[in-house]
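Before I ask anything, let me first share the structure, which is written out below as structure tokens.
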Amino acid sequence: MIHLGVNIDHVATVRQARRASEPDPVSAAALAELGGADGITVHLRQDRRHIQDRDVRLLRETVRGVLNLEMAPNEEGASVLDLALAIGPDQACLVPEHRQELTTEGGLRVREDDARLRQVIERLKARKVLVSLFIEPDPATVRLARSIGADAVELHTGSWANAWAACRGRRDCPSLRHELSKLEAAAQAAAEVGIQLHAGHGITYANVVDLLHLPLLRELNIGHSIVSRAVLTGMERAVRDMKDLLG
Ligand code: PXP
């Protein structure tokens, strides 16, 4: 069974739009787990644009499955690393982070001689946190991730998802075949070197089935599409509840 990590960042995005107390991502996490989520994923960004430190602390107390904390491994992210080491999420996914981006763009650049990255991995692993690196689907980067001590790689599926949308899911469409072959080659490399395989970004209800054949795929992290559907499927009930109050 593929493990589903539900990314609830955008519940916090709605809350932060008003700097209010609702919707609370902690409540959303509990409901996601009731719905069958195997884990909850949050990205504590350096600019704290959505998830806040308080959310991560409370989620550590309340999440029953796997708590996966996405974070940047750079110097500016030191306070995030400190929090991670203090609370000990079950899993940490190291991602690149740029202030101007709307969402995580591109995978982490992994270099054999990146002392900072090695140190972050070591410190998290010493805290018994499973460490995953969010990388472009490229066999050489998968091997590098293994050699610097990561337990898992999360393949960035964003380019594949864009190609899927442009090709409307037609499997004979050249750009989609090209993107899928990159994911397949990276998944194969992960199986060869014995590193856990995760994937995420841009995965939707429409495209997800086309990823399920990747060899030894263990985990998918999905956020935007699930939160989007939750807003729509919950709308009718929410309006009815308000109308009831109006008598
Ligand atoms: N995995 C990682 C590492 C991410 O940064 C994100 C986006 O926050 C996701 C998965 C989820 O992507 P999406 O919101 O497009 O499902």
Side-chain angles (χ1 to χ4, degrees), residues 2-14 16 25 28-29 32 37-52 55-56 59 66-74 77 80 84 89-110 117 120-121 124 129-138 141-142 145 150-165 179 183 186 190 196-211 214 217-231:
I2 295 172
H3 171 119
L4 173 62
V6 176
N7 181 315
I8 55 169
D9 291 349
H10 293 314
V11 175
T13 302
V14 175
Q16 295 310 111
D38 302 292
I40 298 296
T41 295
V42 288
H43 184 174
L44 186 61
R45 295 187 72 105
Q46 288 155 38
D47 62 12
R48 305 298 197 270
R49 67 170 75 157
H50 41 52
I51 293 294
Q52 306 295 308
D55 302 329
V56 181
L59 287 167
V66 171
L67 177 62
N68 177 29
L69 180 64
E70 291 177 7
M71 51 183 276
N74 54 18
V80 180
D90 302 290
Q91 188 169 303
C93 180
L94 304 182
V95 301
E97 208 175 290
H98 311 286
R99 285 198 176 243
Q100 303 307 325
E101 67 191 358
L102 286 178
T103 180
T104 315
E105 287 165 5
L108 199 64
R109 288 181 64 188
V110 184
L117 183 58
V120 171
I121 294 171
L124 287 165
V129 178
L130 185 139
V131 179
S132 156
L133 304 187
F134 187 53
I135 59 167
E136 290 299 320
D138 163 51
T141 314
V142 171
D151 302 297
V153 284
E154 179 170 328
L155 301 181
H156 193 319
T157 48
S159 301
W160 168 82
N162 289 340
W164 199 99
E179 291 300 334
L183 290 168
Q196 274 189 36
L197 183 70
H198 306 170
H201 215 284
I203 300 173
T204 66
Y205 293 86
N207 67 22
V208 65
V209 291
D210 290 346
L211 283 179
L214 291 178
L217 178 62
R218 185 171 176 135
E219 173 175 314
L220 290 177
N221 283 298
I222 308 179
H224 188 261
S225 193
I226 291 178
V227 173
S228 302
R229 181 168 290 211
V231 169

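Note that the structure is a prediction, hence the values are computed from the model and not measured. Both ligands and their constituent atoms are indexed starting at 1 by order of listing.
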Consider ligand 1: state whether an atom of it lies below 4.0 angstrom from any non-hydrogen atom of Glu154.
-> yes
Examine Ile203 against ligand 1 and note whether any of their N/O atoms are separated by less than 3.5 Å.
-> no
List every atom of ligand 1 that sits less than 4.0 Å from any heavy atom of Ile222, numbering the atoms from 1 in the order shown and giving each element.
-> 16 (O)
Closest protein heavy atom to atom 6 (C) of ligand 1, given as residue, atom name and distance to 0.1 Å | His201 CD2, 3.7 Å
Nearest non-hydrogen protein atom to atom 16 (O) of ligand 1, with distance, is Gly223 N, 2.8 Å
Show the numbers, then the answer: is there a side-chain hydrogen bond (donor to acceptor under 3.5 Å, both in side chains) between Gln46 and Asn74?
-> CA-CA 10 Å; Gln46 288 155 38; Asn74 54 18; 2.9 Å; yes
Ala190 to Leu197 - nearest heavy-atom pair and separation | CB-CD1, 4.0 Å
Counting distance only, does the side-chain N/O of Glu219 pair as donor-acceptor with the main-chain N or O of Leu217 below 3.5 Å?
-> no
If you measure from each non-hydrogen atom of Glu70 to ligand 1, which part falls under 4.0 Å: side chain, backbone, both or neither?
-> side chain
Verdict with reasoning, Asn68 to Thr41, per side-chain hydrogen bond (donor to acceptor under 3.5 Å, both in side chains) | CA-CA 5 Å; Asn68 177 29; Thr41 295; 3.2 Å; yes
Taking every heavy atom of Ala145 against every heavy atom of Val153, the minimum-distance pair comes out as CB-CG1, 3.5 Å
What do we get for His156 next to ligand 1 when only non-hydrogen atoms under 4.0 Å count, side chain, backbone, both or neither?
-> neither
Do any N/O atoms on His10 end up under 3.5 angstrom from N/O atoms on ligand 1?
-> no
Got a donor-acceptor contact below 3.5 angstrom from the Asn207 side chain to the Ala161 backbone?
-> no
In the protein, what heavy atom is nearest to atom 5 (O) of ligand 1, and what distance, to one decimal place, separates them?
-> Thr104 OG1, 2.9 Å
In short, His43 meets His50 closest at the heavy-atom pair O-CE1, 3.2 Å
Say whether, by atom type as modelled, one donor and one acceptor occur between the side chain of Glu136 and the main chain of Gly107 under 3.5 angstrom.
-> yes
Looking only at protein heavy atoms, identify the closest one to atom 8 (O) of ligand 1 and say how far it is in Å.
-> Asn7 ND2, 3.4 Å
Protein contact of atom 14 (O) of ligand 1 - nearest heavy atom, named by residue and atom, plus distance = His224 N, 2.9 Å
The closest protein heavy-atom partner of atom 15 (O) of ligand 1 is Gly202 N, 2.8 Å
For Asn221, the ligand 1 atoms whose distance to one of its heavy atoms is below 4.0 Å | 10 (C), 11 (C)
Quick note on ligand 1: atoms under 4.0 Å from a heavy atom of Val95 include exactly 3 (C)
Going by the angle between their ring planes, with limits at 30° and 60°, are Phe134 and His156 parallel, tilted or perpendicular?
-> parallel
